[in-house]
Enquirer: 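Dropping a structure here in structure tokens format, bear with me for questions.
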Amino acid sequence: MNTEEMLEMAVLLGLPVNAETFLFCEESYISSIIRHTPPYLLLSHALCGRASDSSVLFVFARATFSERECDGHYPGFPSLPLTEIGRAMDQTAALFAGYAASDSVDAGKIPLLRRIAKLKGGRIEKFDPVNPCWIWASSHNGELKTTLFSGSLSSPLASIEGWTYDFKNDNEFQSNLSESLRISPDISGTGLDRGNIMKLIPQAPPFLILESATIAHEQNGHATISAHAHVLREMKAGYLGRNEILGPMHCSRALAQSGMVLCAAVLPLPDFIPEVASAYSIWYDTSCFFQNQNELTVLARIESIISKKSLNMAKVSGSVFCNGHKIYRAESLNYILIPRDDHPAGRSNQ
């Protein structure tokens with residue numbers, strides 16, 4: 001892969017690759033900017049386009065996934081999880097932010113994800129290990145936006161807007177590492193073990209990281225869930241160049257699965273599969289990073305249900321805790337409640 005091949009693919013996808021200078025990046029350079037290393041690092045090549053004023057116009061990146069990322073995500077119909085799509089887009093956005101800061105006071109610092117404004121999911125398609133994915137990052141209405149494409153298909157799988165990063169030097173980052181133990185929040189109610197969870201949603205380990213959950217109803221009628229997740233050590237390998245640190249994409253998986261379980265357990269609708277269609281106002285705490293910890297606790301609630309003709313959607317808000325410290329929050333995860341017969345995973349198991 002070289003600059004010309006990257007440009008040809010971008011043109012094939014209909015992307016505006018207009019710039020005065022280009023920087024072709026291989027894995028080692030990408031890793032030096034965003035600090036992720038394999039196997040967590042998904043980007044193999046990237047092309048950065050600059051204008052004459054040295055501002056970054058775009059980053060166009062190539063991402064490769066293995067069957068490992070899909071193992072357990074819709075058994076019978078392995079598909080690329082939205083959380084892993086988000087992981088690849090995070091790495092592309094971090095490269096954009098880090099490269100754009102190369103001439104500023106933040107040059108050489110670690111870009112740490114703090115905020116996402118809006119996520120929009122696309123179609124569900126069976127994973128194809130042959131075709132790589134392509135991510136486009138550019139400034140959109142003053143905010144950093146990423147879009148991911150599968151193979152040479154010009155219709156995107158997902159997009160995320162409003163990527164915001166904090167920049168910290170290595171000493172600041174080291175001081176943010178924590179192993180302190182605190183009590184995690186919990187609620188009382190109907191308990192579910194992993195077997196019960198797998199009956200509610202079509203996911204299985206290793207992708208399924210929820211081990212147990214408790215469903216309850218607040219006095220105002222809102223359904224809530226308290227879920228316990230265990231992140232395998234191999235899922236953290238290479239995150240920020242280490243093997244023991246929990247990050248935002250681990251939290252997003254725990255929260256997304258918790259919302260699925262909550263919807264499937266309490267909503268009085270015919271057999272359906274909840275699927276994240278969009279999300280808003282996602283925040284991650286960059287003041288503290290937990291090492292040598294694998295346990296996450298999720299607290300989430302259903303805020304509202306929307307029904308339009310044959311379409312049903314549920315809005316879920318939630319927070320993720322590590323040792324009682326709130327490290328992740330989503331104001332809104334919007335699930336489309338797809339009848340099982342209409343969902344690829346449901347049809348594949350018939």
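Counting begins at 1 with the first residue of the sequence.
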Enquirer: If we ignore angles and hydrogens, is there a donor and acceptor under 3.5 Å between the side chains of Tyr165 and Asp90?
Expert: yes
Enquirer: For the CD atom on Gln174, are there more than 12 heavy atoms of other groups (residues, nucleotides or ligands in this structure) within a distance under 6.0 Å?
Expert: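 Counting other residues, nucleotides and ligands, CD of Gln174 exceeds 12 neighbours.
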Enquirer: Is there a side-chain contact (heavy atoms from CB on, under 4.5 Å) between Asn243 and Arg233? Walk through the geometry before answering.
Expert: CA-CA 7 Å; Asn243 296 321; Arg233 188 175 187 273; 3.7 Å; yes
Enquirer: Between Gly121 and Ala158, which heavy-atom pair has the shortest distance, and what is it?
Expert: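 Closest approach of Gly121 to Ala158: CA-CB, 4.3 Å.
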Enquirer: Mind listing the closest non-hydrogen atom pair of Leu113 and Tyr284 along with its distance?
Expert: O-CD2, 3.5 Å
Enquirer: Run the side-chain contact (heavy atoms from CB on, under 4.5 Å) check on Ser278 and Lys118 step by step: do they pass?
Expert: CA-CA 7 Å; Ser278 60; Lys118 178 182 179 181; over 6 Å; no
Enquirer: Identify whether the distance between the nearest side-chain nitrogen and carboxylate oxygen of Arg68 and Glu84 falls below 4.0 Å.
Expert: no
Enquirer: So which heavy atom on Asn334 is nearest to which on Ala279, and how close?
Expert: ND2-N, 4.5 Å
Enquirer: Kindly give the heavy-atom pair with the smallest separation between Leu95 and Ile34, and that separation in Å.
Expert: N-CG2, 3.4 Å
Enquirer: Check this for me: does any side-chain nitrogen of one of Glu143 and Lys145 sit under 4.0 Å from a carboxylate oxygen of the other?
Expert: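 No, no charged N to carboxylate O under 4.0 Å.
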Enquirer: So, does Arg301 use its side chain to make a donor-acceptor pair with the main chain of Ser317 at under 3.5 Å?
Expert: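 Not at all, since once roles are kept as given, no pair shorter than 3.5 Å links the two residues.
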Enquirer: Taking Lys236 for the side chain and Gly247 for the main chain, is one N or O donor matched with an acceptor at less than 3.5 Å?
Expert: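 Not at all, since once roles are kept as given, no pair shorter than 3.5 Å links the two residues.
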Enquirer: Could you walk me through whether Arg62 and Ser44 satisfy the side-chain hydrogen bond (donor to acceptor under 3.5 Å, both in side chains) test, starting with their C-alpha distance in whole Å, then the side-chain angles of each, then the deciding distance to 0.1 Å, before giving a yes or no?
Expert: CA-CA 6 Å; Arg62 181 182 187 271; Ser44 59; 3.1 Å; yes
Enquirer: Are the side chains of Cys288 and Ile327 in contact, using a 4.5 Å heavy-atom criterion?
Expert: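 A side-chain contact is absent here, since even the closest heavy-atom pair is not under 4.5 Å.
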Enquirer: Mind telling me whether His250 and Tyr40 have parallel, tilted or perpendicular rings, with 30° and 60° as the class edges?
Expert: tilted
Enquirer: Hydrophobic clustering (ILVMFWY, side-chain heavy atoms < 4.5 Å, transitive) - are Phe207 and Leu42 grouped together?
Expert: no
Enquirer: Between the side chain of His36 and the main-chain N/O of Leu43, is any donor-acceptor distance below 3.5 Å?
Expert: no
Enquirer: Check whether any side-chain heavy atom of Leu148 sits under 4.5 Å from a side-chain heavy atom of Thr92, and report yes or no.
Expert: no
Enquirer: Any side-chain heavy atom of Thr286 sitting closer than 4.5 Å to one from Asn176?
Expert: no
Enquirer: Should Lys315 and Ile306 count as side-chain neighbours, where that means a heavy-atom distance under 4.5 Å?
Expert: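 Answer no - side chains too far apart.
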Enquirer: Hey, are the side chains of Asn312 and Phe272 touching, using non-hydrogen atoms and a 4.5 Å cut-off?
Expert: no
Enquirer: Is the distance between the ring centroids of His325 and Phe290 under 6.0 Å?
Expert: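 Under 6.0 Å, so yes.
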Enquirer: Do we get Arg87 above Phe65's six-membered ring, with its NZ or CZ under 6.0 Å from the centre and within 45° of the axis?
Expert: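 The answer is no; the distance or angle limit is not met.
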Enquirer: CZ/Arg114 to CZ/Phe167 distance, rounded to the nearest 0.5 angstrom?
Expert: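 The CZ atom of Phe167 is 10.5 Å from CZ of Arg114, to the nearest 0.5 Å.
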Enquirer: State whether a side-chain donor-acceptor pair under 3.5 Å links His230 with Glu295.
Expert: yes
Enquirer: When the ring planes of Phe24 and His45 are compared, do they come out parallel, tilted or perpendicular, using 30° and 60° as the limits?
Expert: parallel
Enquirer: Has the side chain of Thr146 got a donor or acceptor atom that lies under 3.5 Å from a matching backbone atom of Leu144?
Expert: no
Enquirer: A side-chain contact here means heavy atoms from C-beta on lying under 4.5 Å apart; do Glu172 and Asp166 qualify?
Expert: no
Enquirer: Counting only N and O atoms by type, is there a donor-acceptor contact under 3.5 Å from the side chain of Tyr74 to the main-chain atoms of Pro81?
Expert: no
Enquirer: Could you grab the distance from atom CD1 of Ile85 to atom CG of Leu157, nearest 0.5 Å is fine?
Expert: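 Rounded to the nearest 0.5 Å, the CD1-CG separation comes to 5.0 Å.
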Enquirer: If you take all heavy atoms of Pro248 and Tyr239, which pair is closest and at what distance?
Expert: CD-OH, 3.2 Å
Enquirer: Would you please test Gln203 and Met198 for side-chain contact (heavy atoms from CB on, under 4.5 Å) and show each step?
Expert: CA-CA 6 Å; Gln203 294 184 1; Met198 291 172 62; over 6 Å; no
Enquirer: First locate atom CG of Leu262, then atom CD1 of Ile302, and finally report the distance between them rounded to the nearest 0.5 Å.
Expert: 4.0 Å
Enquirer: Among the clusters formed by ILVMFWY side chains lying less than 4.5 Å apart, do Trp283 and Tyr328 turn up in the same one?
Expert: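 Unlinked, Trp283 and Tyr328 end up in two clusters.
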Enquirer: Within this structure, what is the CD-CD1 distance for the pair Gln91 and Ile30, rounded to the nearest 0.5 Å?
Expert: 8.5 Å
Enquirer: Is a side-chain donor or acceptor of His228 paired with a backbone partner of Ser212 at a separation under 3.5 angstrom?
Expert: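 A pair under 3.5 Å: no.
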Enquirer: Kindly indicate whether the side chain of Leu119, heavy atoms from C-beta on, has any atom under 4.5 Å from the side chain of Leu82.
Expert: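 A side-chain contact under 4.5 Å exists here.
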Enquirer: Between atom CG of Leu23 and atom SG of Cys25, what is the distance when rounded to the nearest 0.5 Å?
Expert: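 One finds 4.0 Å between CG of Leu23 and SG of Cys25.
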Enquirer: Test your reading of the model: is there a side-chain donor-acceptor pair from Ser31 to the backbone of Ser28, 3.5 Å cut-off?
Expert: no
Enquirer: Working to the nearest 0.5 Å, report the span between CD1 of Ile209 and CD of Gln257.
Expert: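 Ile209 atom CD1 to Gln257 atom CD measures 5.0 Å (nearest 0.5 Å).
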Enquirer: If we only count heavy atoms from C-beta on, is the Ile197 to Leu200 side-chain gap below 4.5 Å?
Expert: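 No; the side chains remain at least 4.5 Å from each other.
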Enquirer: Starting from Tyr280, can I reach Met249 by hopping between I/L/V/M/F/W/Y residues whose side chains sit under 4.5 Å apart?
Expert: no
Enquirer: Carefully, step by step, assess Asp170 and Arg35 under the rule side-chain contact (heavy atoms from CB on, under 4.5 Å).
Expert: CA-CA 11 Å; Asp170 290 278; Arg35 307 301 178 92; 2.9 Å; yes
Enquirer: Decide whether Leu192 and Leu267 are clustered together by the hydrophobic rule: side chain heavy atoms of Ile, Leu, Val, Met, Phe, Trp, Tyr closer than 4.5 Å, transitively.
Expert: yes
Enquirer: Of all the heavy-atom pairs spanning Ala88 and Ile135, show the shortest one and how long it is.
Expert: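 Residues Ala88 and Ile135, closest heavy atoms: CB-CD1, 4.1 Å.
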